[in-house]
Novice: 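Quick one: structure below, then a few questions.
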Amino acid sequence: MKGEARTMETTMTREPIWKLWVDTQRRVVSFHEEAGSQLMEFRDREMFLRCIDGYTAQLYRYQ
């Protein structure tokens, strides 16, 4: 049982994490850390892409 829990924990921590940094004042979305921007993390690719689509619809710039 302990081995199973350890394997599950390792699997959970290896899930990809997609990140965005959003600056609502300048209306900029960054794919790298940016001072003054809010970090957003996604473990689900579909949610990540929906978020990008939402900012695109609001005419945010990307960098």
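No experiment lies behind these values; they were computed from the predicted model shown.
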Novice: Distance check, rounded to the nearest 0.5 Å: W18 atom CH2 versus E46 atom CD?
Specialist: 10.5 Å
Novice: Around atom CD of Q38, are there more than 12 heavy atoms from other residues, nucleotides or ligands closer than 6.0 Å?
Specialist: no
Novice: Taking a hydrophobic cluster as the set of Ile, Leu, Val, Met, Phe, Trp and Tyr residues connected by side-chain heavy atoms closer than 4.5 Å, whether directly or through intermediates, do F31 and L39 fall within one such cluster?
Specialist: no
Novice: Could you pull out all residues at least two apart from Q25 that satisfy side-chain hydrogen bond (donor to acceptor under 3.5 Å, both in side chains)?
Specialist: none
Novice: Once you round to the nearest 0.5 Å, how far does CZ of F42 lie from CZ of F48?
Specialist: 7.0 Å
Novice: Given 3.5 Å as the limit, does a donor-acceptor pair link the side chain of Y55 with the main chain of Y62, or not?
Specialist: no
Novice: Go through the steps for V22 and M40 under the test side-chain contact (heavy atoms from CB on, under 4.5 Å), then give the verdict.
Specialist: CA-CA 8 Å; V22 180; M40 298 179 71; 3.6 Å; yes
Novice: Any idea which heavy atoms bring V29 and Y60 closest together, and the distance?
Specialist: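 Distance-wise, the nearest heavy atoms are CG2-CD2, 3.9 Å.
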Novice: With side chains defined as the heavy atoms from C-beta onward, is the minimum distance between Q63 and H32 less than 4.5 Å?
Specialist: yes
Novice: Roughly how far apart are R50 CZ and I52 CD1, rounded to 0.5 Å?
Specialist: 13.0 Å
